[in-house]
Each structure stands twice: as C-alpha cells, then as structure tokens.
Amino acid sequence: MNRRLVFAGLLFSSAVAAAGLNDFARLWPVAATTEGAYTVTLTPDIYAQLTTRDLTDLAAFNADGEALAFGPMPASVASPASSWREAAWFALPAELPPEAGDLSLHITRTTSGELSLDATLSHGSLDSVQAFLVDVRAKDSVVEGIAFDLGMNAPDFNARVTVEASDDLQSWRTIVSAATVAQLRHGDQSLVRRHIDLSPQETEYLRIRVLTPGQRIPLHGVRLLLRPQGLLRRHPPRQWMHAEFLRKEGRAYFYRLPAPMPVDMVNVQLGEENRLAHFSVSARQENARHWGYVGQMTAFRLRGAGVSIDNEPMEVGSNRLPEWRIESSVDLAKTPVLDFAYYPETWMLLTHGRAPYAIAAGSSWARRDSFPLELLLNQVRDKLGEDWRPAATELGASQPAGGPAALKAYNRDQIKSWVLWGVLILAACIIVWMVLRLLRAPPPAAE
C-alpha cells in the first residue's frame, strides 16, 4: 500500500512541475549576456506564434532552463499615452512676383523659445495658405502626428504637402516628403483626409508646404499628436497588417486577426478604383454570440484627373478582439482588404543566472508565471536611483524549441486534475478495502 501511494505522489509531482523552454514551440535568443533589467520589443513573428489572446504562452528562460521574470512593462516606466493638442501656427506668405504686392515679414522668438510671426501683404489673403509654420512648444514630448482643422465653409481642395522639422529655423530636415490633404464633397457625400502620421520627432518647429501648384489649404487650426517622453524615449513605430478574410454573407464581410496584436486603428481598402462605400464596423471575442458595434467609416479610392486620394483609417481603441465584421452600404464587386495598425508592445525582462537568455512563445498548455515586476523594479531603483532606466536589448532570429509537439491539443492542467483525482480515488479504494477487510475478519477468540 505504501509503495502505491509513493508512486502516485511521484507521478503527481512530475505533473505539476513548472513549464520549461521545450514546452514552447519556438525561442528567440536575447542579446543581453549579463544580469540586469532590460526592455524587449515584441516582434510580429512572436505575436504570430502565440496561441493565447492574453499572451500567457510567452515566457523567458536562462541557460539552465530557469524561468525569468518577464512581463508587460510596469506602469511606472511604460510609455505614456499620446494626446492631441491645439498648436500655435503661423501662415507663411506664398512666393509671389514683385508686382503682386509688397511683403513685410517679422519673426520673433522669445528666450523660452516660443515663436511669433507677423506678416503684412498689400495684396491677397491668408485665409487659405500655401505654407505655414508650427511652433511645437512641447520640449518634453515627441510629435507623432499633425491634423488640419478646416473652416466651416471651407472650399473643396486636394493638395500634396511636405513636412519639415527644425530646431533653429535655419536648418530644416524633411520628415514627410509627400502626403495628401483633401476635402471633396458631392451632394451629401463628404470625403476628408486631414491627418498626417509622423515618425516620432523631437523638434521645436514644423513647416508644412503645399507641393501642388496653385493649390491652397483653407486652414482654420492645427493640432499635434504629442507623446511625453518619459523613461522610454523611443516608442516603436506603428505597424500595419492584413486581417484574414473568412467569408461573405450578403453585404457583410468577416475577418480574423492573424495574431493577438493590440490593434488601435482599422482601415478598409476597396478593391475597385473610383469607388465609395460606407461601412459599419463591429467586433467580438472568438465564437462569442453577439457582435459589439465599433463605429462607422467611409472608404473611398479615387484616381484620375490628377486626383489620387484614399480614405483615412478609423481609431478603434487598443484591443485584441480576434473577429471583425464590416457591412457595406452598397454591393461591391471585389472583397475589401481590412488592415489593422498596432504599436508593438515593450516588455520588461529581469535576467539572472547563466546566459544565454531566451524568449519562448507558443504552447497549447504551458503558461508564464505572474511576476511582481513593479516590486522588483522598485528594488532596483532603491539601489541605482530614481533616474535609472532599463536598457533596451535586441532579439535574435527565431529558433525551434519544443517544436510542433508544444502546440498539440494537450492540456497539462487537465492531466494534473486527472492525476489528482486518480490519487484521491486510489486512496479511497484503499480505505474501503481496509474497512472491508476489517469487517470480514473473524472476531477474536474469547479467552
């Protein structure tokens, strides 16, 4: 009896052993070779390997197979959110021939760096502009986008613009060589494109110039998308991916995200030129019963007569909803392409033990332990100071770990339950057997 119980206990102990590197499908070597705290940016191939929407089948290990503290960046060092803010802007007079009028231009910059500009022109109007200057006035932030606010009765226009950046108003660098800004209306239809995405820029001033000859922008205001720098000064650039088309039902098209990225923007690309369609966008969890409404957007693709305009994407808030549906207002000859944008996430890795270290992903049952990264981070800061920040490290090329076997429909948690129930049932059977044996035993002989 004792031998049976010992055997069952050993079996149960092996079942509850912690997951190891080979319990995951693939690994990515970490460039860091010493103990410390590092930031790791998740790559598209890591996302593609994951099997869970909460990213729990993503872990890290050292050379001895010991699990490392690894998880989403703690709030105290995570990149702060971006926000839109009204910007100070100044119309720059267009280049005009001498007979067009006399120009008087005066630029003043205060000791704090703020800019003021006065311009008087004897002929013409600055209600619409060919060029304008933006005083960023955000020394501790990076600029990630610019938006043009148009007047209530702004005329239709279609212009190509270039965006330049400068820190001293003397030397300029081009950050967007050409982008389309437009407003076109026909009947009750309105096609508007007035946002320009920028790679994160630390700059004092922006200059926007119209490239289309003779075209002006009826500008009413300018807004900037700003992100405080915080501890993580470099935010990974936004990336785009195609959703997987599943099926069509009437005018509704169904798609699926190929991986659990935290998408924040959606865009519909029509397969036909010179076409316009309104879409209702909805999403849901995998196999959920009901769809959740996300929003409405207008998709268009205009080509010809010098016009080349596509619609802007729609913001959907950061989420990992896997299933998406768009329903068109008109019949379409070709299936639209559904694109999603996301910012790759930055995670924190605390290394210990022998190198090399590795990130592992993809398992049907193995899950990462939950680590108190905020607490561990505070302990590091106590030793190194409040201004300390984790160093960024790179990942190497993907390599096989446990391979396809780690992705098989094998639930280790379920096996643990079976083993535990087996131990309990075995113990109960032994107790019943002992009781029956005692009951069947003859009574002791009387003395």
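Just so you know, these numbers use all the heavy atoms, side chains as well, and skip hydrogens, waters and symmetry mates. Since the model is a prediction, treat every value here as computed from it, not as a measurement.
- Atom CD of E394 has 12 or fewer heavy atoms from other residues, nucleotides or ligands within 6.0 Å.
- Legend: ring-ring contact (aromatic ring centres under 6.0 Å, His included) pairs involving residues 39-66, not counting sequence neighbours, sorted by first then second residue: F24-F61, Y47-Y342.
- Side chains of D45 and W28: a donor-acceptor N/O pair is present below 3.5 angstrom, by distance only.
- Every residue meeting the side-chain hydrogen bond (donor to acceptor under 3.5 Å, both in side chains) condition with T51, not counting sequence neighbours, appears here in chain and number order: D57.
- Listed by chain and residue number, nothing satisfies the salt bridge (charged side-chain N to carboxylate O under 4.0 Å, His left out) test with R289 (two or more places apart in sequence, or in another chain).
- In this structure, T393 contributes its side chain and A32 its backbone to a donor-acceptor pair below 3.5 Å.
- Here the side chain of E273 pairs no donor or acceptor atom with the backbone of R301 at under 3.5 angstrom.
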| said: What verdict does the salt bridge (charged side-chain N to carboxylate O under 4.0 Å, His left out) test give for K334 and E272, after you've listed the backbone C-alpha separation in whole Å, the side-chain angles of each residue and the deciding distance to 0.1 Å? | reply: CA-CA 7 Å; K334 296 183 178 180; E272 308 166 70; over 6 Å; no
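- Contacts of A147 classified as side chain to side chain contact (heavy atoms under 4.5 Å, CB included), with partners at least two apart in sequence or in another chain: W84, H195, R223.
- Not a single side-chain hydrogen bond (donor to acceptor under 3.5 Å, both in side chains) links R275 to another residue, sequence neighbours left out.
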| Working for ring-ring contact (aromatic ring centres under 6.0 Å, His included), residues F148 and F157 | CA-CA 13 Å; F148 302 89; F157 71 96; 8.4 Å; no
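- The number of heavy atoms from other shown groups lying within 6.0 Å of NE2 (H242) does not exceed 12.
- Under the side-chain hydrogen bond (donor to acceptor under 3.5 Å, both in side chains) criterion, N287 pairs with no residue at all, not counting sequence neighbours.
- A donor-acceptor pair under 3.5 Å is absent between the side-chain atoms of D197 and the main chain of G145, judged by distance alone.
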| task | Just do the side-chain hydrogen bond (donor to acceptor under 3.5 Å, both in side chains) check on T180 and R160 with the steps written out, would you? | result | CA-CA 5 Å; T180 298; R160 300 278 286 174; 2.9 Å; yes
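- A search for salt bridge (charged side-chain N to carboxylate O under 4.0 Å, His left out) contacts involving R325 returns nothing, not counting sequence neighbours.
- Looking at K248 and T335, their side chains never come closer than 4.5 Å, going by heavy atoms from C-beta outward.
- Considering CG of L206 and CD1 of I175, their distance stands at 5.5 Å, rounded to 0.5 Å.
- Other residues, nucleotides and ligands place more than 12 heavy atoms under 6.0 Å from the CD atom of Q269.
- S329 places a side-chain N or O within 3.5 Å of a backbone atom of H278 that can act as its donor or acceptor partner.
- Side-chain contact between P390 and M348 is present, with at least one heavy-atom pair separated by less than 4.5 Å.
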| message | Quick one, D339 with V266, criterion side chain to side chain contact (heavy atoms under 4.5 Å, CB included). Give me CA distance, side-chain angles, the key distance, then yes/no. | response | CA-CA 6 Å; D339 289 334; V266 61; over 6 Å; no
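- Among residues two or more places apart in sequence or in another chain, the side chain to side chain contact (heavy atoms under 4.5 Å, CB included) test is passed with T41 by P236, P344, T346.
- A salt bridge links E164 with R209: at least one charged nitrogen is closer than 4.0 Å to a carboxylate oxygen.
- Between W347 and F70, the distance from one ring center to the other falls under 6.0 angstrom.
- Q201 and S199 share a donor-acceptor pair across their side chains, judged by distance under 3.5 Å alone.
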| message | Set out, in order, the CA-CA distance, both residues' side-chain angles and the distance that settles side-chain hydrogen bond (donor to acceptor under 3.5 Å, both in side chains) for D149 and H220, then state yes or no. | response | CA-CA 5 Å; D149 292 336; H220 178 69; over 6 Å; no
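- Not a single donor-acceptor pair under 3.5 Å links the side chain of R238 to the backbone N or O of D264.
- The ring-ring contact (aromatic ring centres under 6.0 Å, His included) search around F279 returns none, not counting sequence neighbours.
- For E327 and R251, the salt-bridge test fails: no basic side-chain N is under 4.0 Å from an acidic carboxylate O.
- With sequence neighbours left out, the side chain to side chain contact (heavy atoms under 4.5 Å, CB included) criterion links S82 to E144, L225, R227.
- The aromatic ring centroids of F254 and W291 lie less than 6.0 Å from each other.
- For P322, the side chain to side chain contact (heavy atoms under 4.5 Å, CB included) partners are R53, R256, Q285, E286, not counting sequence neighbours.
- The CG atom of L338 lies 5.0 Å from the CD1 atom of I326; values are rounded to the nearest 0.5 Å.
- A search for side-chain hydrogen bond (donor to acceptor under 3.5 Å, both in side chains) contacts involving S171 returns nothing, not counting sequence neighbours.
- Counted by atom type alone, S398 and R26 present one or more donor-acceptor pairs between their side chains at under 3.5 Å.
- Inter-residue side-chain proximity for L58 and L42 is flagged as met; some heavy-atom pair is nearer than 4.5 Å.
- The ring of Y253 has its center no closer than 6.0 angstrom to the ring center of W324.
- For T203 (side chain) and A165 (main-chain N/O), no donor-acceptor pair under 3.5 Å exists by modelled atom type.
- Under a 3.5 Å cut-off, the side chain of T174 and the backbone N or O of V176 do not form any donor-acceptor pair.
- Salt-bridge annotation for E345 and R320: present, with a side-chain N of the basic residue lying under 4.0 Å from a carboxylate O of the acidic one.
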| request: Give the intermediate values and the outcome of side chain to side chain contact (heavy atoms under 4.5 Å, CB included) for residues L395 and I359. | output: CA-CA 8 Å; L395 297 178; I359 305 300; 3.8 Å; yes
